[in-house]
Amino acid sequence: MTIELLATLNPEQRQAVTSEATRVLVLAGAGSGKTRVLVHRVGWLVEQHLATPYNILAVTFTNKAAGEMRGRIEELLQQPTRQMWVGTFHGLAHRLRRAHWQDANLPEHFQILDSEDQLRAIKRILKNMQLDDARWPPKSVRNFINSRKEAGHRARHVDPQNDPFLAKMAAIYLEYEQYCQRSGLVDFAELLLRSLELWRDKPEVTAHYRQRFKHILADEFQDTNALQYAWLQLLAGDSSHLFIVGDDDQSIYGWRGARIENMQEFVDAGTEGKLVRLEQNYRSTNTILGAANALIEHNQERLGKNLWSAGERGDPIQLYRAFNEIDEARYVIDQAQAWIDKGRPPGELAILYRSNAQSRLFEETLVARGIPYRVYGGQRFFERAEIKDALGYLRLLANPADDSAFERVVNHPPRGIGSRTLEILRDAARHRDLSLHDTALALTATADLSGRARNALTTFLTLLEELKERSAGATLEEKIEQVLRASRLIEHFAAERSDKAEARVENLQELVSAARGFDEQADDEFDPLSQFLANAALEAGDNQAEAGEDCLQMMTLHSAKGLEFDQVFMVGVEEGLFPHQRSLEEQGRLEEERRLCYVGITRARKHLNICHAESRRLYGETFFPQPSRFISEIPENYIEEVRLGGQDQQPLFAPKTRFAAGIPQRGRYRNGQSIRHKKFGEGTILAIEGEGDKARIQVNFKNVGKKWLIAGFANLEPSA
DNA sequence: TGCGAAGAGGTTTTT
DNA sequence: CCTCTTCGCA
């Protein structure tokens, strides 16, 4: 079996799998068989008796990846691996917090706040603090809190430095922290932070897990944030093996805290010599790989690697310059139709775009032609409003102090508890430092409320009380059925006369099915209800593409990561859209956009198509975008321009001046152009508004930063 | 409490 | 331009 195990690997893969170093970094290019390496690494460890499954912890980013990994390991080892810990950072952190809840000053039945719950809580707190949410946008507050947590800082650690803005943010953070503590709520970042604090503050606990997990494997390392990196380092200590797999060129989540620097740091911290590059690609043609290599070569900050394939050169990349976005959609769908007509599997064709809004036109065109398709990235099952309503009742059953759940369901469906009553309730809760639930209990016993409000509130509390009594000893499925019956949620949605009503009712029934049999398969460490709720928060349901549905695939470039298709269309490849304007305006974001493009290109197995439009309607305005710089970063010999027969199109490239001909420009200047200004020096044009001498031009100067200039006065000179 | 008008905002997403 | 949220009114 050993021979077999290694025989299917190439030399680099084998080197990684059998490495004896305590720190190994596998730089795994797209399509280079990284999951294979991870799976075989585990197989090797077990087979060579270097470790038992009990000694292994493998961490990934998505539940899907975790499930896949476990499945493939079991397949390889031909034995169950229940002893092995495989999961997401959050899943594992949650498991640890559950096991050690007493150490953390947490209620046993603490709940997980998802991002939406978190935002609602923040809005509530802003109201309480009487802060205008136009000046304190809840989403910015959430970003602030999450980024602080990711840096390992609690509210009390925020140093306001005489900055009133920071001071206020810190105050909001503190309120939020207290709110969560009081209600037994933990958000995603908190889960990681608490887990890290466990390693830090409980050496005996840490020692136990270090002793146990002699081998720690991490996938998609380029996506780790600072907390996750620290978590891995602390858990590993000096003695455990860290086997890390990632690709810095595919790091596309910097904006949500992922630190591509973690890879560099890991190398600097002594991985030298144990860095293994997987550069042989088993997915794409050499044309596609050549284009990807050339493109990513333009990035400065990378460890560096070059993909190659033993396979064929393949077809050139098809470049289509559309007249406008409608023409773009028409062209792509024509090609898709031709693909299908040739009998190729529709599911092997993907349309990839930078932003979700772009899908609309393609959808309309597909609907008009009656071609089935699937768009990824909608709401997931456990995120749907009706599901979260039902879960709200369950959360209150598990933990009545859960104010977040109380707020959600107290008057939903409507039962006559209006905003005035709630105002009184919240006020009283704050003064008594009690949960909303307990405050409600107290208030209904006094005369502080009008008769009507008191009645309504009493009805609600009785409902909860009865649910609790009746559901004791019931299975989870029965509990949910009771919740639905008692709350009358189904009747409420059924009476709604929107087109969504029917789907909502179905979803609620689906929730009951999801709970069916859950009690038996739940492990006995925790009660099934808590497990179900945690599951709902940590595993909100499918969103990523799945095999099986054989129709056209449409998704953002981000959600395409990890997938592959025979035929790929990258659309809207234009300056301002891809790279996105917002990324152009911020220092250092361009390289991530380029990595995103690299991800897009390397999704294609056989055929890659790139489209851009000369004119595009966006936000009710017509833009004339330049073709993306990414197109010109791909060597011309890989590209074939599409000329539709019979149409009089100008050639896109006259040699050298590739995009100069036939593309509308705003006067002498265009976005992305390098210019020189007498006073400000060298810079790049970010945006142009208006035309001629009166045009306002935004320039990002190397030395003085961003400035708006008037074309007629600025006297900008083109520079190299 | 529910509806329609008016307004804001519009990159990417997992846990 | 389109979609989602909020606000004011009946």
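Lettering of chains follows the sequences in order, A, B, ..., and the numbering in each one begins at 1. The structure presented is a predicted model; accordingly, all values stated were derived computationally and were not measured.
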Nearest-Å distance once atom P is located in both C/dT3 and B/dT12:
14 Å
Below 4.0 angstrom from OP1 or OP2 of B/dT15, is there any side-chain N or O of A/Arg380?
yes
Quick one: side-chain hydrogen bond (donor to acceptor under 3.5 Å, both in side chains) partners of A/Thr556, sequence neighbours excluded?
A/Ser559
Partners meeting side chain to side chain contact (heavy atoms under 4.5 Å, CB included) with A/Glu383 (sequence neighbours left out):
A/Gln379, A/Arg380, A/Ala540
Classify the side chain of A/Ser115 and the base of B/dT15 as holding, or not holding, a donor-acceptor pair under 3.5 Å.
yes
Partner set under side chain to side chain contact (heavy atoms under 4.5 Å, CB included) for A/Asn455, not counting sequence neighbours
none
Is the shortest side-chain N/O distance from A/Asn63 to OP1 or OP2 of B/dT14 below 4.0 Å?
no
Minimal heavy-atom distance between A/Arg256 and A/Glu150, with the atoms involved, is O-OE1, 4.0 Å
Could you give the distance separating C/dC4 and B/dT11 at their P atoms, to the nearest angstrom?
14 Å
Under 3.5 Å, which N/O atoms of the protein pair with N/O atoms of nucleotides 5-12 of chain B?
unit_1: B/dT11; atom_1: OP1; unit_2: A/Arg582; atom_2: NH1; d: 2.1
unit_1: B/dT11; atom_1: OP1; unit_2: A/Arg582; atom_2: NH2; d: 3.4
unit_1: B/dT11; atom_1: OP2; unit_2: A/Tyr619; atom_2: OH; d: 2.9
unit_1: B/dT11; atom_1: O4'; unit_2: A/His580; atom_2: NE2; d: 3.3
unit_1: B/dT11; atom_1: O4; unit_2: A/Arg589; atom_2: NH1; d: 3.4
unit_1: B/dT11; atom_1: O4; unit_2: A/Arg589; atom_2: NH2; d: 2.5
unit_1: B/dT12; atom_1: OP1; unit_2: A/Asn356; atom_2: N; d: 2.6
unit_1: B/dT12; atom_1: OP1; unit_2: A/Asn356; atom_2: ND2; d: 2.9
unit_1: B/dT12; atom_1: O4'; unit_2: A/Arg354; atom_2: NH2; d: 3.2
unit_1: B/dT12; atom_1: O2; unit_2: A/Trp255; atom_2: NE1; d: 3.2
unit_1: B/dT12; atom_1: O2; unit_2: A/Arg354; atom_2: NH2; d: 2.7

For A/Arg97, side-chain hydrogen bond (donor to acceptor under 3.5 Å, both in side chains) partners two or more places apart:
none
Scan for side chain to side chain donor-acceptor pair (under 3.5 Å) pairs involving residues 221-236 of chain A, sequence neighbours excluded, and state none if there are none.
A/Ser195-A/Trp231, A/Glu220-A/Gln222, A/Asp223-A/Lys561, A/Thr224-A/Asn262, A/Tyr229-A/Gln233
Under 4.0 Å: is that the gap between some side-chain N or O of A/Asn411 and OP1 or OP2 of B/dT1?
yes
Whole-Å distance separating the CZ atom of A/Arg142 from the C1' atom of B/dT15
12 Å
Within this structure, what is the CG-to-C1' distance between A/Asp114 and B/dT13, rounded to whole angstrom?
13 Å
At under 4.0 Å between heavy atoms, what does A/Gly416 touch on the DNA or RNA strands: base, sugar-phosphate, or nothing?
sugar-phosphate
Would you mind calling B/dT12 syn or anti? Take O4'-C1'-N9-C4 for purines or O4'-C1'-N1-C2 for pyrimidines, and syn is within 90° of 0.
anti
Can you list the residues that meet the side-chain hydrogen bond (donor to acceptor under 3.5 Å, both in side chains) rule with A/Ser359, with sequence neighbours excluded?
A/Glu363
Bounds of contact between DNA chain C and chain A, in 5' to 3' order, using a heavy-atom cut-off under 4.0 Å
C/dC1 to C/dT6
Determine which pairs satisfy side chain to side chain donor-acceptor pair (under 3.5 Å) with at least one residue from residues 122-139 of chain A, sequence neighbours left out, and list them in order.
A/Asn128-A/Arg430
Between A/Leu119 (CG) and B/dT13 (C1'), how many Å, whole number?
15 Å
Does A/Glu325 offer a backbone N or O that forms a donor-acceptor pair with the side chain of A/Arg616 under 3.5 Å?
no
